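All chains are named by letter (A, B, ...) in the order of the sequence lines, taking the proteins before the strands, and each is independently numbered beginning at 1. All figures in this text were calculated on a predicted structure; none of them were measured in a lab.
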There are 2 protein chains.
Amino acid sequence: MPTAALKVPDRDRGRGRSVGYRPLYRQVRDLLVRRLADGQWQPGKSIPSEQQLAHELGVSQGTVRKALDTMAAERLLVRQQGRGTFVAELTEQHILFHFFKLRTDDDAQLFPASQMIGVGLWRADDAERERLALGDGDEVVRIRRLRSLAGETVILEDIALPGAIFAALAGCDLPNNLYGCYASRFGVTVVQVSERLKAVALDGARAALLKVADATPALTIDRVAWDLDARPVEWRVSYCLTERFHYRSDVR
Amino acid sequence: MPTAALKVPDRDRGRGRSVGYRPLYRQVRDLLVRRLADGQWQPGKSIPSEQQLAHELGVSQGTVRKALDTMAAERLLVRQQGRGTFVAELTEQHILFHFFKLRTDDDAQLFPASQMIGVGLWRADDAERERLALGDGDEVVRIRRLRSLAGETVILEDIALPGAIFAALAGCDLPNNLYGCYASRFGVTVVQVSERLKAVALDGARAALLKVADATPALTIDRVAWDLDARPVEWRVSYCLTERFHYRSDVR
DNA sequence: AAGTGGTCTAGACCACCGA
DNA sequence: CGGTGGTCTAGACCACTTT
């Protein structure tokens with residue numbers, strides 16, 4: 001039997017003090033998130049049952065349940081009645097529904113196709129260092145690609161990744177689903193993104209790549225993505241033509 | 001003592017059948033949502049304690065707790081340890097944080113000021129009937145206003161409301177916080193909005209109202225809002241200048 | 001001190017899945 | 001059928017707010 005990481009005298013569990021008080025289920029949750037971040041539990045695989053975890057950690061099943069429920073709410077886990085609890089996967093389907101918000105104007109959600117323009121390893125510029133929390137002289141992998149929806153080329157993407165993690169990407173073919181690739185090849189799970197949207201007039205170079213007139217209006221999506229350890233792992237700026245597509249945002 | 005709405009033979013509560021099975025806490029939640037929608041519980045006011053509700057409804061406190069927790073997650077209620085449970089309010093603060101997503105480029109969230117251009121009651125056009133689920137010949141209240149952030153006029157808004165509910169709005173002064181007004185004067189609580197964003201070139205008339213050049217790029221936010229009963233209660237299109245502001249979207 | 005919501009436990013039973 | 005997660009209960013104790 002594994003060591004019982006949480007088997008501590010009852011009254012010490014919550015530290016007994018008001019400041020820094022962390023409920024037991026929270027401690028359990030944090031411990032289990034560690035297992036995800038460390039790769040002890042692989043995406044798509046099932047994790048031990050509530051009973052097993054409760055016994056292993058020396059807490060009640062109800063406490064484990066609450067920890068697992070919060071993780072399911074954070075979409076780190078997927079629970080299936082009768083089957084078990086599974087580590088969430090960043091499949092194309094998942095990405096499509098949660099991170100890719102462009103739809104056709106009749107509300108269809110389509111898989112975007114990608115056409116690579118370039119990829120390489122470079123010294124990070126000021127903006128990249130700021131967005132990715134890098135230091136002086138650090139390198140980034142830069143990716144530029146075009147994406148199309150319903151056969152129409154409507155997105156130009158400039159992506160920057162920390163070289164320290166992703167340098168190996170610079171010299172190889174890249175899949176359409178980058179987040180799935182980050183997870184499977186680098187153990188980096190994107191769990192949160194923050195986007196800033198603006199309307200701009202396309203400059204000549206970008207308009208040419210998208211084969212539209214200079215100064216055509218475009219929607220820019222400036223996105224930073226963070227992983228399980230809250231590290232910024234990707235900075236991406238997308239230039240989108242929204243004549244026949246829109247960015248969907250549902251609140252609540 | 002009020003009639004015990006849920007005091008039914010134990011085995012009938014879940015209907016006993018697999019199809020249409022609704023957990024007890026779900027039934028409690030739906031019953032309590034009814035009280036909100038009917039105005040029995042007013043925004044900002046406290047509701048009875050878990051113990052009281054459990055006794056009144058003939059279920060355990062744990063079941064009431066789960067119902068209240070889900071409602072808090074839906075942001076219909078606000079729970080405060082030691083104080084009680086309160087009906088959520090659509091205060092300016094609340095709106096600002098949850099429905100108004102424009103920020104300055106240094107990430108400050110500012111209260112927008114509003115300047116009314118016009119308001120009136122009209123027969124709904126095709127687009128309005130479709131967005132607001134109205135019938136032939138139904139009327140709408142149309143509102144047009146300019147809004148400014150940090151002293152700069154950057155938003156032009158066209159709003160349409162079902163006349164059947166909001167006709168009284170047509171002849172009076174309108175507050176800056178419309179959603180709060182819908183709640184306090186019409187008992188309409190907006191709980192969900194869906195937005196479609198596009199980048200467009202402003203037409204001459206709208207550019208003139210915003211005092212910018214013809215064909216200036218603008219971010220359009222096409223929003224439909226629904227109330228507690230899932231009725232569409234507002235259609236709003238905002239034209240935003242995003243030179244010094246952006247639309248913020250955080251996922252997860 | 002009294003009352004509220006928050007945590008934790010233990011146990012029973014239900015719905016669902018797969019073998 | 002056994003095992004999983006999901007619901008429901010009852011009771012104890014904790015943290016927080018108000019009186």
Any side-chain N or O of Arg83(A) under 4.0 Å from OP1/OP2 of dG5(D)?
no
Can you list, by residue number, the residues of residues 65-79 of chain A that have a non-hydrogen atom closer than 4.0 angstrom to DNA chain C?
Lys66(A)
Arg22(B) CZ - dT7(D) P separation (whole Å)
13 Å
May I ask you to test the Pro48(A)-Trp41(A) pair for a side-chain heavy-atom distance under 4.5 Å?
yes
Gln81(A) has an atom CD; how far is it from atom P of dC8(D), in whole Å?
12 Å
Can you figure out which of dC8(D), dA15(C), dT7(C) approaches the side chain of Leu24(B) most closely?
dC8(D)
So, for Val233(B) and Leu161(B), which heavy atoms are closest and what is the spacing to 0.1 Å?
O-CD2, 3.4 Å
Output field: ring centroids Tyr182(A)/Phe166(A) closer than 6.0 Å:
yes
So does Thr85(A) get a side-chain nitrogen or oxygen closer than 4.0 Å to the phosphate oxygens (OP1/OP2) of dG5(D)?
yes
Contact check, side chains of Arg65(B) and Leu53(B), non-hydrogen atoms, under 4.5 Å
no
Expressed as a whole number of angstroms, how long is the span from Tyr25(B):OH to dG5(D):P?
16 Å
Worked verdict on Arg34(B) versus Asp229(B) for salt bridge (charged side-chain N to carboxylate O under 4.0 Å, His left out):
CA-CA 9 Å; Arg34(B) 262 303 83 238; Asp229(B) 290 318; 2.5 Å; yes
Judged by each residue's nearest nucleotide on DNA chain C, which is more toward the 5′ side, Gly82(A) or Arg26(A)?
Arg26(A)
For Gln61(B), which contact category applies under a 4.0 Å heavy-atom criterion: base, sugar-phosphate, or nothing?
nothing
Mind running a 4.0 Å heavy-atom check of residues 40-53 of chain A against DNA chain D and sending the residues that fall below it, in number order?
Ser49(A), Glu50(A)
I need the Ser49(A) OG to Glu56(A) CD distance, nearest 0.5 Å.
10.5 Å
To the nearest angstrom, the CD-C1' distance between Gln80(B) and dG6(C) comes to 14 Å
Taking Asp107(B) first and then Arg248(B), would you say they form a salt bridge - that is, a charged N and a carboxylate O separated by under 4.0 Å?
yes
Roughly, in whole Å, what's the span from NE2 in His55(A) to C1' in dT9(C)?
16 Å
What heavy-atom pair brings Leu197(A) and Glu195(A) nearest, and what distance separates the two atoms?
CD1-CB, 3.9 Å
Taking only Lys NZ, Arg NE, NH1 and NH2, and the carboxylate oxygens of Asp or Glu, determine whether Asp30(A) and Arg26(A) approach each other closer than 4.0 Å.
yes
